[in-house]
Amino acid sequence: MASVSSQQQFRYTQPPSKVLHLRNLPWECTEEELIELGKPFGKVVNTKCNVGSNRNQAFIEFTDLNQAIAMISYYASSSEPAQVRGKTVYLQYSNRQEIVHNKTAADVAGNVLLVTIEGEDARLVSIDVLHLVFSAFGFVHKITTFEKTAGFQALVQFSDAETATSAKDALDGRSIPRYLLSEQVGPCTLKITYSGHTDLTVKFQSHRSRDYTNPYLPVAQSAIEGGGQVMVGLDGKRLEAESNVLLASIENMQYAVTLDVLHTVFSTFGPIQKIAMFDKNGALQALIQYPDTQTAVVAKEALEGHCIYDGGFCKLHLSYSRHTDLSIKVNNDRSRDYTIPITPVVNLQPSILGQPVSMTGAPAQQYNGSQYTPVSDPAMIPQPQAGWGTAPPAVAQSMPMQMYNNTYMPPGNMPPQMPPGNMPPQMPPGNMPPGMQFPNHSMLQPTSTLPA
DNA sequence: AGCACA
């Protein structure tokens with residue numbers, strides 16, 4: 001019964017449609033040939049070739065129903081059948097009203113996402129920041145970045161389509177949190193579709209591409225910075241060999257940066273054992289030694305690219321030193337060993353590990369002690385609520401002097417509904433917004449060479 | 001030669 005009605009549907013009862021169904025087409029019939037065929041009757045606005053298991057069917061769609069009727073009518077009474085390359089083609093109204101094209105790769109859920117980073121400074125977004133952002137949803141296998149006409153883009157490979165989908169759903173159309181970007185970088189919005197790829201090819205760890213599944217992949221020279229101290233970590237997540245000693249260089253040093261200033265800034269993340277300051281190429285550099293690598297990692301992640309003083313002054317650039325234990329020969333204004341008990345400075349630490357002290361009474365409840373606790377695995381840092389969806393405490397902007405002026409999170413940048421469990425594991429609150437964490441310490445108020 | 005992956 002069903003077959004009877006469908007057969008009848010074929011013969012003559014097909015209602016007019018501006019879409020025509022063509023069959024018996026020659027092999028590899030092109031869109032151009034279909035347009036040529038329909039042109040005498042109207043404007044062909046859409047085609048679909050190589051349809052059916054034999055790939056010898058096609059559809060053409062006219063702008064107007066009357067054009068389709070004209071074509072059917074003409075060939076219904078013509079002595080010459082419609083032909084393509086001399087082969088007779090049979091025409092009838094399609095049983096659909098418009099051509100629907102196949103889903104593109106962008107519509108088919110896959111494990112690889114195509115991410116377009118939009119914004120003036122999109123290309124300044126590092127692959128590490130992207131890794132951090134997408135790692136919130138699962139293990140990121142590989143990332144490649146490239147520039148095309150669409151702008152700065154990245155392919156981000158997850159284990160499976162489900163993970164990729166959760167990342168896509170949460171991040172598409174959102175902006176990268178301010179605190180992950182350095183000060184001069186403007187807003188960067190993510191536009192995400194699926195990619196047709198399933199496995200990216202990464203030949204080298206570089207500034208353009210990473211394979212986090214293969215830490216032993218050779219490191220391209222282009223990825224190396226900081227004088228050859230950079231290596232691939234065993235976890236495959238870092239290009240630099242982590243160290244308990246940080247090398248800090250200070251850019252735009254309008255204000256004096258003293259040993260005490262550095263001690264105050266860096267001791268927020270844990271006890272400091274030693275500091276050595278020196279000049280290199282006319283710029284001030286310092287080596288800061290923590291008791292353990294984990295603390296140094298947290299400090300580096302939090303402070304990198306940030307300024308000690310508001311207004312872009314004394315910007316910190318941090319890398320891991322090859323040193324593990326500094327040799328401080330003498331305690332003076334350029335070097336100090338805080339592990340020597342007689343040194344009185346050790347008692348002046350404004351904060352100790354796990355207990356940040358607010359000198360202004362600024363509430364620190366959002367950044368409680370546990371978030372400062374160094375742990376063996378940064379992903380294990382407890383992180384209840386804070387993150388992309390967390391509004392900045394009002395105090396961050398009302399503080400008389402902000403050490404860091406880009407560290408708060410603009411509200412509304414990220415989805416407030418983002419589940420806490422999906423927070424980037426490497427993005428503990430203790431790693432960020434130091435502008436909110438740091439006490440407004442008088443030691444950090446510049447007293448000389450003030451421009452205004 | 002008969003309606004949508006090829």
Side-chain angles (χ1 to χ4, degrees), chain A residues 1-114 150 153 155-165 168-169 172 192-201:
Chain A
M1 197 154 95
S3 63
V4 170
S5 67
S6 63
Q7 274 183 348
Q8 286 185 339
Q9 208 177 15
F10 273 135
R11 289 258 162 79
Y12 303 107
T13 62
Q14 208 63 280
S17 164
K18 62 185 194 302
V19 181
L20 301 184
H21 175 236
L22 288 67
R23 57 197 154 83
N24 201 38
L25 286 159
W27 293 105
E28 305 294 318
C29 175
T30 66
E31 181 178 34
E32 286 69 31
E33 288 171 313
L34 298 179
I35 293 172
E36 203 60 35
L37 189 65
K39 195 187 280 178
F41 308 95
K43 183 172 166 57
V44 176
V45 290
N46 214 342
T47 65
K48 188 178 178 67
C49 320
N50 304 319
V51 169
S53 54
N54 290 331
R55 303 193 50 169
N56 61 351
Q57 302 175 46
F59 298 92
I60 62 176
E61 179 178 338
F62 287 101
T63 11
D64 199 72
L65 178 63
N66 289 331
Q67 298 167 352
I69 292 173
M71 186 167 182
I72 292 292
S73 305
Y74 174 83
Y75 285 112
S77 57
S78 169
S79 53
E80 294 292 319
Q83 291 185 323
V84 171
R85 290 183 227 163
K87 191 175 185 202
T88 298
V89 302
Y90 301 89
L91 299 167
Q92 63 186 151
Y93 297 115
S94 171
N95 52 23
R96 299 196 197 180
Q97 293 303 306
E98 58 186 16
I99 288 177
V100 180
H101 278 287
N102 301 335
K103 286 181 176 177
T104 64
D107 302 316
V108 180
N111 65 318
V112 178
L113 297 177
L114 172 63
Q153 293 187 301
L155 289 163
V156 180
Q157 178 176 341
F158 285 101
S159 304
D160 49 63
E162 290 67 36
T163 312
T165 300
K168 176 177 178 294
D169 290 347
D172 188 19
I192 304 175
T193 65
Y194 294 104
S195 160
H197 292 88
T198 55
D199 190 23
L200 305 175
T201 303

Nearest whole Å is fine: how far is [N] [atom2] from [X] [atom1]?
{"X": "A:L91", "N": "B:dC3", "atom1": "CG", "atom2": "C1'", "answer": "13 Å"}
{"X": "A:N56", "N": "B:dC3", "atom1": "CG", "atom2": "C1'", "answer": "12 Å"}
{"X": "A:R23", "N": "B:dA1", "atom1": "CZ", "atom2": "P", "answer": "9 Å"}
{"X": "A:L25", "N": "B:dC3", "atom1": "CG", "atom2": "P", "answer": "13 Å"}
{"X": "A:E61", "N": "B:dC3", "atom1": "CD", "atom2": "P", "answer": "19 Å"}
{"X": "A:W27", "N": "B:dA6", "atom1": "CH2", "atom2": "C1'", "answer": "11 Å"}
{"X": "A:E98", "N": "B:dA4", "atom1": "CD", "atom2": "C1'", "answer": "13 Å"}
{"X": "A:Q14", "N": "B:dC3", "atom1": "CD", "atom2": "C1'", "answer": "8 Å"}

Listed nucleotide nearest any side-chain atom of [X], set [options]:
{"X": "A:Q92", "options": "B:dA4, B:dG2, B:dA1", "answer": "B:dG2"}
{"X": "A:S94", "options": "B:dA1, B:dA4, B:dA6", "answer": "B:dA4"}
{"X": "A:N24", "options": "B:dC3, B:dA1, B:dA4", "answer": "B:dA1"}
{"X": "A:Y90", "options": "B:dG2, B:dA4, B:dA1", "answer": "B:dA1"}
{"X": "A:Q57", "options": "B:dC3, B:dA4, B:dA6", "answer": "B:dC3"}

5′-ward residue of the pair A:N54/A:C49 relative to DNA chain B: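 Nearest-nucleotide comparison on DNA chain B picks A:N54.
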Pair A:F41 and A:F62, ring centroids less than 6.0 Å apart: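 Between A:F62 and A:F41, which both carry aromatic rings, the centre distance is not below 6.0 Å.
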Test item: A:N46 side-chain N/O and A:E61 main-chain N/O as donor-acceptor pair under 3.5 Å: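 No, because the side chain of A:N46 does not come within donor-acceptor range (under 3.5 Å) of the backbone of A:E61.
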Atom CD of A:E80 with >12 non-hydrogen neighbours under 6.0 angstrom: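 Open: at most 12 neighbouring heavy atoms sit under 6.0 Å from CD of A:E80.
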A:K87 atom NZ, over 12 foreign heavy atoms within 6.0 Å: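 More than 12 heavy atoms, drawn from other residues, nucleotides or ligands, come within 6.0 Å of this atom.
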Closest non-hydrogen atom pair between A:T193 and A:K168, with its separation: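 That would be CA-CE, 3.9 Å.
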